[in-house]
Amino acid sequence: MLESAFIGIMAFGWKRVSRPMHLFATCMVAFAASVSAFWIMSANGWMQTPTGGHFVNGIFLIASHIDSIFNPDAGWAFAHMWVAAIEITVFVVGGVSAWHLRRGTHVDFFLKSFKMAVVASIIATPLQIFLGDGSGKSVYEYQPAKLAAMEAHWETNAPGEGAPWHIIAWPDKSRRENVWQLDVPYALSLITTSSPTGTVRGLKEFPPEDLPPIWPTFYSFRVMMGVGFFLFGVMLWTVWAWKKGRLTVDRITSQRTLLKAWMTAFPLSYIAMEAGWITREVGRQPWIIYGFLRTNESATTLPATVVGGSLIAFIAFYAILFFVTVLFIRRIILAGPVHEAPDWTPRTR
Amino acid sequence: MQAIQPHLPDIWLFLIAFFLLYYAVTDGSDLGVGIISLFASDETERGMLMAAIEKTWHANQTWLVILGGMMFGAFPLFYGVVLSTLYIPIVLMLFGFGMRGAAFEFRAHSESKRKWGLVFGFGSLFAALAQGFALGGLLGGLDIKGGAFSGNVWAWATPFTAFVTIGVICGYVMLGSNYLIMKTLGKMQDRSYRRAWISSCLTLFIAVATYAWCLEKYPFMSEKWEAFPDDELIAVFPALAVCAFLMLFRSLRKRHEAAPIFWNAAIIIFSFAGLSIGMHPYMIPHVISEAVTTNAAAASPMTLSFMLVVALILIPILLLYTSYEYWVFRGKTMKDDHGYEE
């Protein structure tokens, strides 16, 4: 709500409010968006780690709203998602800048925005890897079945032995094992417990009806993580290039591969976020409220045809919206900046 | 907190009603302008109409999200039953909102302004129709058995609902016209005066007919009238609503600029209050099985009081900056009003 009121002033109010007021409105939009993100992630976190009350006859009785809001998952989830949003913005700005720099259009302008993106990525990319690690440890603690599915880890490792980390694997739910796998020994124990021989509970410890689908959980997690490290690598590469003095108006346009990497990072950053959400939500299955309420028990009593019909309509609507949005965003990017220089002083005509 | 505990459901009912009305007046004007835009003579006029609401429609629409949150928190049973029973109108409304929001952004960047202008107009019309269906369904009594959804997703689709929907459309066109009287000049303002006359006469007729129909159908409502004049509460708001209509007609005749929208808002508030007092304590009037009453549908007192504390802190802040936003964008809409220097 805060966001929608101030975004009006931010977008249309330049001539109507003073400059400090406009800056304030912009800050309020950023602040309000962050607050929204917190509440969304707090609610979703509660579905992962429900705390602050207990279930009586299928009704959740709240004992403490504070405990519910600040449930164990909420902090990690909010931080991880908030930085993900920042990281996407960084690579969208950087990717668009890189595209113009490669074409040699508006070089002055886009070199500036490119460098801003690079500076932001120095903070965002390693921070996100750290937060991802923390989120993973939270899953290990509170949702062991989800963690086992994320890693296609079937057998609990014996004391004194380390659990390996599968780079890729072919999990088979009916045979309750991986058909084949490519391992890094001890790595899973090390990542989750900070000890090379820490115990990581395997999928076989849980009743089959309590297990999430393994394939999407396992691979979406790898896609997210892979992109996360790719973005981190792009950042390191660019910082190195900057140090070598290649990020200048004369030399930047010839950094073809580096700029191409930034352009690739633009869509990849979105894919990483979507993949992360698939890990999070598919991995939570079969629960809608983890450990208490199953997804199929919470389904609506509306006729399936009505719900299915509206789902198809939503998919069609958003597919069209996505297509048109891409077209218009492409047009806006092609047009380049409206102002040659980011000079916001009112001009006298 | 102890003293107000028994009244918590009523306090929340009042808060929700307040924001429902706030939403109906502000976004009702936006939807009305959207419907009017379907009759725009050319793209310049349509652009002007869209520019008149461009800055505030988004904030106005967001009140619906707040309403949904309040309803979900304070009256979860009501929320669950209503959203299931009115699933089709609500989905239609969401598509309408989606079309309206997308059209605003895309029209600005598109070369075929006409196409996106129509998407905007039809989006507004769909959302208004859907709200009419929902209101008709609620007033007409939904098919609810034992406080649960019965499975009939078309229960709202009755001739009465169709009649109420026409009323909602007329009401929104009236709001939109009165809003445009305030925001425009010249030929567009003249047209808005004419539209305001026609739509307000139609709205008055449909509102009176709807009220009479409810009296006929719901004995608990007519009983309150039988107690009149000993208990005059039931008559106060209908009388005020009629007065507000008269004041609206007077301000239109005198060609006032800001008064019509003010009296229009008063009409909405008084009519709604009159109807609610007639219905109280029923939230969904019910003929098939027992009614869902305010108290039975409410959440636990702990949740209600927790929400109340939060709401009492946040609502003044919300209203403060929303008023500021309106203040920033006050005055007439100009053709070249794009906000940024170009």
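Small disclaimer: the values here were computed from a predicted structure and weren't measured. Convention: sequence-line order gives letters A, B, ...; per-chain numbering from 1.
Contact annotation for Tyr87(B): only side-chain heavy atoms (C-beta onward) come within less than 4.5 Å of a heavy atom of chain A. For Leu327(A), no part lies under 4.5 angstrom from a heavy atom of chain B. Only the side chain of Val17(A) comes within less than 4.5 Å of a heavy atom in chain B; its backbone stays farther off.
Residues of residues 313-326 of chain A lying within less than 4.5 angstrom of chain B, judged on heavy atoms, are Ala313(A), Phe314(A), Phe317(A), Leu321(A), Val324(A), Thr325(A) in numerical order.
Around CZ of Arg331(A), the count of heavy atoms belonging to other residues, nucleotides or ligands within 6.0 Å exceeds 12. Enclosure of atom CD in Glu43(B) by more than 12 non-hydrogen atoms of other residues, nucleotides or ligands within 6.0 angstrom is indicated. Dense packing is recorded around CE of Met21(A), with more than 12 heavy atoms of other residues, nucleotides or ligands lying under 6.0 Å away. Counting non-hydrogen atoms of neighbouring residues, nucleotides and ligands closer than 6.0 angstrom, the CH2 atom of Trp99(A) exceeds 12 such neighbours. Under a cut-off of 6.0 angstrom, the local environment of CZ in Phe122(B) is sparse, with at most 12 non-hydrogen atoms contributed by other residues, nucleotides or ligands.
Not counting sequence neighbours, the partners of Leu21(B) by the side chain to side chain contact (heavy atoms under 4.5 Å, CB included) test are Ile268(B), Ile269(B), Phe272(B).
Under the salt bridge (charged side-chain N to carboxylate O under 4.0 Å, His left out) criterion, no residue pair touches residues 25-39 of chain A, with sequence neighbours excluded. The list of salt bridge (charged side-chain N to carboxylate O under 4.0 Å, His left out) pairs with a residue in residues 24-47 of chain A, not counting sequence neighbours, is empty.
Rounding to the nearest 0.5 angstrom, the gap separating the OG atom in Ser310(A) from the CG atom in Leu94(B) is 10.0 Å.
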